[in-house]
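Atom set for the values below is all heavy atoms of this structure, side chains included, hydrogens, waters and symmetry mates excluded. As the structure lists them, so they are numbered: ligands from 1, and atoms in each ligand from 1. By convention here, the first residue in the shown sequence is residue 1.
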Amino acid sequence: MGTRRIAVTVDGVRYTDDVEPRLLLVHYLRERLGKTGTVVGCDTSNCGACTVHLDGLSVKSCSVLAVQANGSEVLTVEGLERDGQLHPVQQAFHDNHALQCGYCTPGMIMQSIDLLGDNPDPSEQEVREGIEGNLCRCTGYQNIVRAVQDAAQKMKPGASASQPAAQSVAGGGA
Ligand code: FES
Ligand code: FES
């Protein structure tokens, strides 16, 4: 089967590549672009560990083909930092101890940012519903919910945007 040419912007950088039509977006990100902060946690489209933003909306990148991202903008957890500062949601996950093994964290953060884009001040129940497609085997979710609500407060217009020095809660790893 022949390859197809795609042009896609990932974390602000434009790439043009020839890919197999069946190549999953998550494998394109990890194996072709080296974006190993986005991880694979299942083979059933269940866990959400692979969540990225595609044109601003969260998607499970194991359920999207790379060719479907042609012409689009993809944002991964690796593209969240600005000027060495963690994104407020990353910072809140750190501050609220919302990760243990960290495997779910990249996807959880990307999903949470999408959730807060839709609902800037979610209730506990709304956070739980918003992240129900993302599984965490470690934390029991309580601190994750707390982190998302903390981030919501910090992201409110007029809230102090000051953040301590960046620390790596990008999570996951290779
Ligand atoms: Fe994509 Fe689990 S790896 S949902
Ligand atoms: Fe381990 Fe969530 S912190 S799976």
Original post:
Does any N, O or S atom of C50, backbone or side chain, fall under 2.8 Å from atom 2 (Fe) of ligand 1?
Top reply: no
Subject >> Residue R137 vicinity, atoms of ligand 2 by number, heavy atom under 4.0 Å >> reply: 4 (S)
**OP:** Tell me which protein heavy atom sits closest to atom 3 (S) of ligand 2, plus the residue, atom name and distance to 0.1 Å.
**Re:** Q100 N, 3.2 Å
**OP:** Work out which heavy atom in T36 is nearest to a heavy atom in E78; give both atom names and the distance.
**Re:** N-OE2, 3.2 Å
Original post:
Is there a side-chain contact between M108 and Y141, using heavy atoms and a 4.5 Å cut-off?
Top reply: yes
Subject >> N, O or S atom of C101 closer to atom 1 (Fe) of ligand 2 than 2.8 Å >> reply: yes
Original post:
What is the closest protein heavy atom to atom 4 (S) of ligand 1, and at what distance does it sit?
Top reply: G48 N, 3.2 Å
Subject >> Heavy-atom closest pair, residues P21 and V67 >> reply: O-CG2, 4.0 Å
**OP:** Might you confirm whether atom CZ of R4 has over 12 heavy atoms from other residues, nucleotides or ligands at distances under 6.0 Å?
**Re:** no
Subject >> More than 12 heavy atoms from other groups under 6.0 Å of CZ on R128 >> reply: yes
Original post:
When you look for heavy atoms under 4.0 Å from ligand 1, do you find them on the side chain of C42, its backbone, both, or neither?
Top reply: both
Original post:
Is atom 2 (Fe) of ligand 1 less than 2.8 Å from an N/O/S atom of C62, whether that atom is in the backbone or a side chain?
Top reply: no
Original post:
For ligand 1, which atoms, with element, lie under 4.0 Å from some heavy atom of C47?
Top reply: 2 (Fe), 3 (S), 4 (S)
Subject >> Candidate with minimal heavy-atom separation from atom 1 (Fe) of ligand 2, of G41, C138, C136, A98 >> reply: C138
Subject >> Sidechain N-carboxylate O distance under 4.0 Å for D150, R146 >> reply: no
**OP:** Determine, for R32 against D17, whether the closest basic-nitrogen to carboxylate-oxygen distance falls under 4.0 angstrom.
**Re:** yes
Original post:
Going by the atom numbers of ligand 2, which of them fall below 4.0 Å from some non-hydrogen atom of G102?
Top reply: 1 (Fe), 3 (S)
Subject >> A7 to N70 - nearest heavy-atom pair and separation >> reply: N-OD1, 2.9 Å
**OP:** For ligand 1, indicate whether the residue T44 contacts it via side chain, backbone, both or neither (heavy-atom separation under 4.0 Å).
**Re:** neither
